[in-house]
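No hydrogens, no waters, no symmetry mates; every other heavy atom, side chains included, goes into these values. All chains are named by letter (A, B, ...) in the order of the sequence lines, taking the proteins before the strands, and each is independently numbered beginning at 1.
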Amino acid sequence: MAQVNSALVCPERLWHQGRLMSEAVRVRFAPSPTGLLHIGGARTALFNWLYARAKGGSFILRIEDTDAARNTPEAVAIIFDGLRWLGLDWDEGPMPDGSTRGERGPYFQSQRGEIYHRYIGRLLEEGKAYEEDGAVKFRTPKTPCTVPDLICGEVSFDRTMDPDLVIRRKNGAPVFHLVNVVDDLEMGVTHVIRGEDHLSNTPKHLALFEAFGATPPHYAHIPLILNANGSKMSKRDEGASIGEYMTGGYLPSAVRNYLCLLGWSPKDNREILPIEEVVAKFDLPQIKRSNARFDLNKLFWVNGEYWKGLSDGDYLTFARQLMADHGQHLTGTDPEYVDKALRLIREKIKIGRDVPEWMAPFLTEAFPYDEAAVTKVLKTQGARERLEAIRQALAGLPDWTAESCERAIQALAGSLGVKTAALVHPCRLGVSGQPVGPSLYHMLEVMGRERVLARLDRTLAHTEWFGT
RNA sequence: GACCCUAUGGUCUAGCGGUUAGGACACCUCCCUUUCACGGAGGUAGCCCGGGUUCGAUUCCCGGUAGGGUCGCCA
């Protein structure tokens, strides 16, 4: 099958061999504004960006907005936001502020109509395309072809039975294959790094480049990202949109790190790597050729690793933002108290979306009680007496620190002849409504004596919980 | 259906003609502990199947199977 018969090799291959190694790398990410940034698209963007940064080349953003119905400023903004969130800066293309960078624009396909029609006209003039039923069809070469792919190797296609390709619809609109090739040609793209779903389309693209008498770019088809069950990840699937990670409290560096690990590996058994190191090590030939399933568990773990590495200041800033996003407005609340509480719950948190949940008991006196815990801890023999004893011990403390609280409760356990746990659990439930949480004694210290005693009193007031 | 790509524990991967097949996530056990986590120490689990080539295949070749992709006047 894999003949190396020169007669079967596209002339395009010769151009590759003639390219200079010093040629400046130009890669592009060409999303269509669908209203979300797909995780697979984000990975494609990431790999293009990595390659550009690794080779000192340019990363171009081109918006494939030929489908007018989906072409809204909001949809384009979602692409901008997603790329910027991931830290993937582009050297050419439309910028979020409305300006444009780069000399090879316009970078919106919707503004490039004249260019496409000029190329179609050329094909028509040279007899390489013809009109049929109002559409324009490109005469595809009926010869075998080998696609030289930087990741997949030499991939051969028959092409002898390929039908001619519509390049301009009856309604006058040029099709994807045509515009994609023309844009890559006009923008001087040197490496097309895209999903493997385009591998089978590449012979058509090569034919178009040849018809234009142009040098085709190098191709690198990267494996696809599949769902956990191995099916194709579509827009509708859970976790398919970058937006979900942005609002879910994931750290962008963590998502980016995880995405790097899908199809690429540093080969030294490390999982957590600064992006600079990935850039330094990244290259196309070492990319895996098989598809990968998206593993939310692992992303969660990676996120936890990054979470731990956050500086105190960054953590507080991030956490406050998450609380605000969650509707926890802190006006009127002592900012120092909030910061202390945030620092205390940090150890409980692996992902941003947990911040509001763990913070809730600190922020409201009307906190709900965990019913199962109430039944288990408070509706038991002697619970009321123990809780009252705790209140009394805490009320009489000369000073209020985690250490003094701990000493008091342990001393009480000793005098009552019960395990410390028999006091800790009711106390935790009494001041937070929760069976779990951060270190109890530190929580008491942060909450302060006044708040703690008031909460214990309110808990004690629920007489229906305590057998009399 | 045709064509193309792929195939290491459940998942992501390293490796590779001769290895006790390495790491990570997840899972299980134990330790730590006021809870849940974290952390620490262990553990279960893998080279898709069948033929070749070879002294020797997880590794190379062929076939099968499975998964994915492409076959639009979608992008």
**A:Glu92 bridged to A:Arg26 by N-O distance under 4.0 Å** = yes
**Asked** B:G69, B:C12, B:C38: which one has an atom nearest the side-chain heavy atoms of A:Leu262?
**Response** B:C12
**Request:** Answer yes or no: side-chain N or O of A:Lys267 and base N or O of B:A14 forming a donor-acceptor pair under 3.5 Å.
**Result:** no
Between the protein and nucleotides 64-68 of chain B, are there any N/O to N/O pairs under 3.5 Å, and if so, what are the atom names and distances?
| unit_1 | atom_1 | unit_2 | atom_2 | d |
| --- | --- | --- | --- | --- |
| B:G68 | O2' | A:Asn291 | ND2 | 2.8 |

**Message:** Could you tell me how far B:G64 sits from B:C27 if I compare only their C1' atoms? Round to whole Å.
**Reply:** 34 Å
**Prompt:** Considering only the P atoms, how many Å lie between B:G46 and B:G22, rounded to the nearest integer?
**Reply:** 12 Å
**Verdict with supporting geometry, A:Arg28 and A:Asn180, side-chain hydrogen bond (donor to acceptor under 3.5 Å, both in side chains)** = CA-CA 11 Å; A:Arg28 45 70 167 179; A:Asn180 196 264; 3.2 Å; yes
**Message:** What contact category does A:Pro438 fall into here, base, sugar-phosphate, or nothing, at under 4.0 angstrom with non-hydrogen atoms?
**Reply:** base
**Asked** Using atom P of each nucleotide, how far apart are B:G40 and B:C4 to the nearest Å?
**Response** 49 Å
**Request:** Could you check A:Ala292 against A:Cys152 and say which one's nearest nucleotide on RNA chain B is further toward the 5' end?
**Result:** A:Cys152
**Prompt:** Contact class for A:Ser290 (heavy atom, under 4.0 Å): base, sugar-phosphate, or nothing?
**Reply:** sugar-phosphate
**Request:** Check every atom of B:U70, B:U13, B:C73 against the side chain of A:Asn201 and return the nucleotide holding the closest atom.
**Result:** B:U70
**Message:** Work out how far the C1' atom of B:G39 is from that of B:U44, and round it to whole angstrom.
**Reply:** 22 Å
**Item:** NZ or CZ of A:Arg43 within 45° of A:Phe47 ring axis and under 6.0 Å
**Value:** yes
**Message:** What's A:Glu271 touching, base or sugar-phosphate or nothing? Going by heavy atoms closer than 4.0 Å.
**Reply:** base
**Item:** Donor-acceptor pair, side chain of A:Thr202 and main chain of A:His198, under 3.5 angstrom
**Value:** yes
**Item:** Rounded C1' spacing from B:A24 to B:A14 in Å
**Value:** 11 Å
**Complete:** The nucleotide from B:C25, B:C71, B:C73 with an atom nearest the side chain of A:Asn297 is B:C25
**Asked** Should A:Arg169 be listed as having a side-chain N or O under 4.0 Å from OP1 or OP2 of B:A75?
**Response** yes
**Message:** Suppose we screen for salt bridge (Lys or Arg N to Asp or Glu O under 4.0 Å). Which residues come up paired with A:Lys128, at least two apart in sequence or across chains?
**Reply:** A:Glu126
**Asked** Which part of the nucleic acid does A:Thr420 contact within heavy-atom distance under 4.0 Å: base, sugar-phosphate only, or nothing?
**Response** nothing
**Request:** Using a 4.0 Å heavy-atom cut-off across all strands, classify A:His198 as base, sugar-phosphate, or nothing.
**Result:** base
**Message:** Mind checking if A:Asp295 touches a base, just sugar-phosphate, or nothing, with heavy atoms under 4.0 Å?
**Reply:** base
**Prompt:** Of the nucleotides B:G23, B:A75, B:U70, which has the atom closest to the A:Ser32 side chain?
**Reply:** B:A75
**Prompt:** Across all strands, who's sitting opposite B:G67 as a Watson-Crick or G-U wobble pair, both distances under 3.5 Å?
**Reply:** B:C5
**Request:** Looking at every strand, decide which applies to A:Tyr441 at a 4.0 Å heavy-atom threshold: base, sugar-phosphate, or nothing.
**Result:** base
**Item:** A:Arg346 to A:Tyr315, cation-pi by 6.0 Å centre distance and 45° axis angle
**Value:** yes
**Item:** Donor-acceptor pair (no angle test) under 3.5 Å: A:Ser439 side chain, B:U34 base
**Value:** yes
**Request:** Find the distance A:Lys137:NZ to B:G72:P and express it as a whole number of Å.
**Result:** 10 Å
**Request:** With the side chain of A:Lys170 defined as its heavy atoms from C-beta on, choose the nearest nucleotide among B:C73, B:U34, B:A14.
**Result:** B:C73
**Request:** Using a heavy-atom cut-off of under 4.0 Å over every strand shown, decide if A:Lys419 touches base, sugar-phosphate, or nothing.
**Result:** nothing
**Message:** Counting C-beta onward and ignoring hydrogens, is there a side-chain heavy-atom pair between A:Pro141 and A:Arg159 closer than 4.5 Å?
**Reply:** yes
**Message:** Rounding to an integer number of angstrom, what distance separates B:C60 and B:C71 when you compare their C1' atoms?
**Reply:** 32 Å
**Asked** Which is true for A:Asp268 with a 4.0 Å heavy-atom rule: it touches a base, it touches only sugar-phosphate, or it touches nothing?
**Response** nothing
**Asked** When you compare B:A26 with B:A41, how far apart are their P atoms, in angstrom units rounded to a whole number?
**Response** 16 Å
**Request:** For A:Gly263, answer base if it contacts any base atom (sugar-phosphate contacts may also be present), sugar-phosphate if it contacts only those atoms, and nothing otherwise; contact means non-hydrogen atoms under 4.0 Å.
**Result:** sugar-phosphate
**Asked** Within the structure shown, what part of the strands sits under 4.0 Å from A:Leu440 by heavy-atom distance: base, sugar-phosphate, or nothing?
**Response** base
**Fill in**
From the candidates B:U35, B:C38, B:C5, the one with an atom nearest any side-chain atom of A:Arg428 is B:U35
**Item:** Spacing of the P atoms in B:G67 and B:U8 (rounded, Å)
**Value:** 14 Å
